[in-house]
Amino acid sequence: MTAKTRIVLSSDHADIKLRQTIAAHVAGLGYEVEDIGPMTSESTPYPQHGEAAARRVASGDCDLGIIVCGTGQGIMMAANKVKGIRCGVCSDTFSARMIRQHNNANMLSIGARVIGEGLVLDIVDAFLSAEFEGGRHATRVDMITAIEG
């Protein structure tokens, strides 16, 4: 990805600080960041934030997305409801690389209550630095893309 790659970030209300830390880190790597998450701790439902970020990626407004909730699971499920989104929850760097290299994931989901900030930033780095390998993996991604609800 180039320095002009746009990355959208969102989270629910419980994870604002971590999302902002990720946003600053990603911006520091030279990516353009669009943070659309809530700015106050007032309760807000994670599905709307997962969907909003996913729609920005699916429309092409942003190239990649990073979303955060307590476990990463719920917000990931909401994002994956949007056609064209391939989002995975990662708690380790190997998985973060593989969802990009083998599944051509365009979104990463993180569980803020599952892992700490240092590991989160390593996971983000692994996700952003990996590239889709294509080849035999492209056939499988095409199969995922063809599945309709």
Side-chain angles (χ1 to χ4, degrees), residues 1-41 44-135 137-138 140-142 144-145:
M1 292 284 160
T2 67
K4 294 183 180 183
T5 300
R6 285 190 75 168
I7 299 174
V8 62
L9 282 93
S10 196
S11 70
D12 64 7
H13 60 278
D15 311 297
I16 295 168
K17 183 177 183 252
L18 180 61
R19 186 191 76 237
Q20 291 173 334
T21 298
I22 295 168
H25 178 74
V26 170
L29 295 173
Y31 294 93
E32 187 177 338
V33 174
E34 184 177 343
D35 186 344
I36 62 168
M39 300 307 286
T40 70
S41 60
T44 182
Y46 62 80
Q48 74 182 34
H49 298 291
E51 178 188 1
R55 291 206 181 280
R56 288 228 170 58
V57 174
S59 72
D61 288 342
C62 293
D63 302 292
L64 298 169
I66 300 172
I67 50 179
V68 182
C69 74
T71 64
Q73 299 292 342
I75 200 165
M76 177 269 303
M77 290 177 190
N80 277 325
K81 291 287 195 173
V82 176
K83 185 177 173 107
I85 296 302
R86 289 173 308 283
C87 182
V89 177
C90 294
S91 298
D92 62 271
T93 57
F94 178 78
S95 296
R97 266 193 316 279
M98 291 298 104
I99 65 169
R100 290 278 293 138
Q101 290 177 346
H102 290 191
N103 309 117
N104 201 18
N106 48 16
M107 292 187 71
L108 168 67
S109 184
I110 296 169
R113 295 181 184 137
V114 178
I115 53 179
E117 182 180 303
L119 181 54
V120 165
L121 297 181
D122 286 347
I123 289 168
V124 167
D125 289 347
F127 178 77
L128 294 177
S129 66
E131 293 186 23
F132 183 51
E133 293 177 350
H137 305 295
R140 296 170 184 150
V141 171
D142 288 345
I144 293 170
T145 304

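Just so you know, these numbers come straight off a predicted model, no measurement behind them.
- What you find for Ile99 and Cys90 is that their closest heavy atoms are CD1-SG, 3.7 Å.
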Test log, rule side chain to side chain contact (heavy atoms under 4.5 Å, CB included), inputs Lys4 and Glu32 | CA-CA 6 Å; Lys4 294 183 180 183; Glu32 187 177 338; 5.6 Å; no
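- Separation of atoms OG1 (Thr21) and CZ (Arg19) is listed at 10.0 Å; rounding is to 0.5 Å.
- Of all the heavy atoms in Leu64 and Ala105, the pair that sits closest is CD2-O, 4.2 Å.
- For the pair Met39 and Gln20, the minimum side-chain heavy-atom distance is below 4.5 Å.
- Counting heavy atoms from C-beta on, the side chains of Ile67 and Cys87 come closer than 4.5 Å.
- Here CG of Asp122 is found 7.5 Å from NE2 of His25. Values are rounded to the nearest 0.5 Å.
- For Phe127, the CZ atom counts as densely surrounded, since its 6.0 Å shell holds more than 12 non-hydrogen atoms of other residues, nucleotides or ligands.
- Under the side-chain contact (heavy atoms from CB on, under 4.5 Å) criterion, Val82 pairs with Glu51, Ala54, Arg55, Ala58, Ile85, not counting sequence neighbours.
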Going through the distances and angles, do Asp12 and Ile75 end up as a side chain to side chain contact (heavy atoms under 4.5 Å, CB included)?
-> CA-CA 8 Å; Asp12 64 7; Ile75 200 165; 5.5 Å; no
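- Nearest heavy atom pair, residue His49 against residue Pro38, reads CE1-CD, 3.7 Å.
- With values rounded to the nearest 0.5 angstrom, Arg97 atom CZ is found 8.5 Å from Asp92 atom CG.
- Listed for the Thr5 side chain is no donor-acceptor partner under 3.5 Å among the backbone atoms of Tyr31.
- Side chain of Asp61 to main chain of Val8: no donor-acceptor pair is present (N/O by atom type, distance under 3.5 Å, no hydrogens or angles).
- Nearest heavy-atom pair across Glu34 and Cys62 is OE1-SG, 3.3 Å.
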Begin with the C-alpha distance, continue with both residues' side-chain angles, and end with the deciding distance and a verdict on side chain to side chain contact (heavy atoms under 4.5 Å, CB included) for Asp15 and Ile110.
-> CA-CA 10 Å; Asp15 311 297; Ile110 296 169; over 6 Å; no
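- To the nearest 0.5 angstrom, Ile115 atom CD1 is 3.5 Å from Ile123 atom CD1.
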Please lay out, stage by stage, how Arg86 and Asn104 fare under the test side chain to side chain contact (heavy atoms under 4.5 Å, CB included).
-> CA-CA 7 Å; Arg86 289 173 308 283; Asn104 201 18; 3.5 Å; yes
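- Nearest heavy atoms, Cys69 versus Gln73: SG-N, 4.0 Å.
- Separating the CD atom in Glu117 from the NZ atom in Lys17 is a distance of 5.5 Å, to the nearest 0.5 Å.
- Between the CG atom in Leu29 and the CG atom in Asp125 there is a gap of 5.5 Å [rounded to 0.5 Å].
- Nearest heavy atoms, Ala53 versus Ser10: CB-CB, 4.1 Å.
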